Amino acid sequence: MTLPVFWTPEANQDLLDARTWYDNVRPELGERFALAVETAVEAIADHPLQFPITYQSRRRAGVRRFPYGMFFEVQNNRIVVIACFHGRRNPRRWQLR
């Protein structure tokens, strides 16, 4: 059963910021990043419990070929993405959300 995925405004802004950064490096890189995030979101929606819990009830799914993680919670028949975060950033920023 595929669950619907909802993004918090902060997570959506994380995604837009990362996409913009990759677009500025090289336009096709931004598109590749977006496709990799889309693939990760599809995997989360299809099998959310396969991803490890990393903080309290929050799980992490990697974004293939990019140093980003998608942090999310499974809540009452839906997925809520809390952050799309670079692996080198301070995790306290997303943990406090």
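Everything numeric here is computed off the predicted structure, so don't read it as measured data. Computed over heavy atoms, backbone and side chain alike; hydrogens, waters and symmetry mates excluded.
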- Item | Approximate separation, where rounding is to 0.5 Å, of F33 CZ and L15 CG |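 That separation rounds to 5.5 Å.
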- Message: Return the CD1 to CG distance between I44 and L49, rounded to the nearest 0.5 Å.
- Response: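 Nearest 0.5 Å value for the CD1-CG distance: 12.0 Å.
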Of all heavy-atom pairs between [X] and [Y], which one has the smallest distance, and what is that distance?
{"X": "Y68", "Y": "A18", "value": "OH-CB, 3.5 Å"}
{"X": "C84", "Y": "D14", "value": "O-CB, 3.1 Å"}
{"X": "D46", "Y": "P48", "value": "C-CD, 3.7 Å"}
{"X": "G62", "Y": "A40", "value": "O-CB, 3.8 Å"}

- Task: Mind running side chain to side chain contact (heavy atoms under 4.5 Å, CB included) on F66 and V63 for me, showing each step along the way?
- Result: CA-CA 6 Å; F66 291 91; V63 178; 4.1 Å; yes
- Sequence neighbours left out, what pairs pass salt bridge (charged side-chain N to carboxylate O under 4.0 Å, His left out) with at least one residue falling in residues 60-72? none
- Item | Chi angles and distances behind the side chain to side chain contact (heavy atoms under 4.5 Å, CB included) call for V81, V5 | CA-CA 7 Å; V81 178; V5 177; 3.6 Å; yes
- Task: Indicate, with yes or no, if L35 and W7 share a hydrophobic cluster defined by side-chain heavy-atom contacts under 4.5 Å among Ile, Leu, Val, Met, Phe, Trp and Tyr.
- Result: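 Unlinked, W7 and L35 end up in two clusters.
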- Message: Please determine whether residues L16 and F85 belong to a single hydrophobic cluster, defined as Ile, Leu, Val, Met, Phe, Trp and Tyr linked transitively by side-chain heavy-atom distances below 4.5 Å.
- Response: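 They do not share one cluster, since no chain of ILVMFWY contacts under 4.5 Å joins L16 to F85.
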Which atom pairs, one a donor and one an acceptor, fall under 3.5 Å between side chains of residues 69-80 and the rest of the protein, sequence neighbours left out?
residue, atom, partner, partner atom, Å
E73, OE1, Q75, NE2, 2.7
E73, OE2, R58, NE, 3.1
Q75, OE1, R78, NH2, 3.3

- D23: partners by side-chain hydrogen bond (donor to acceptor under 3.5 Å, both in side chains), with sequence neighbours left out: R19
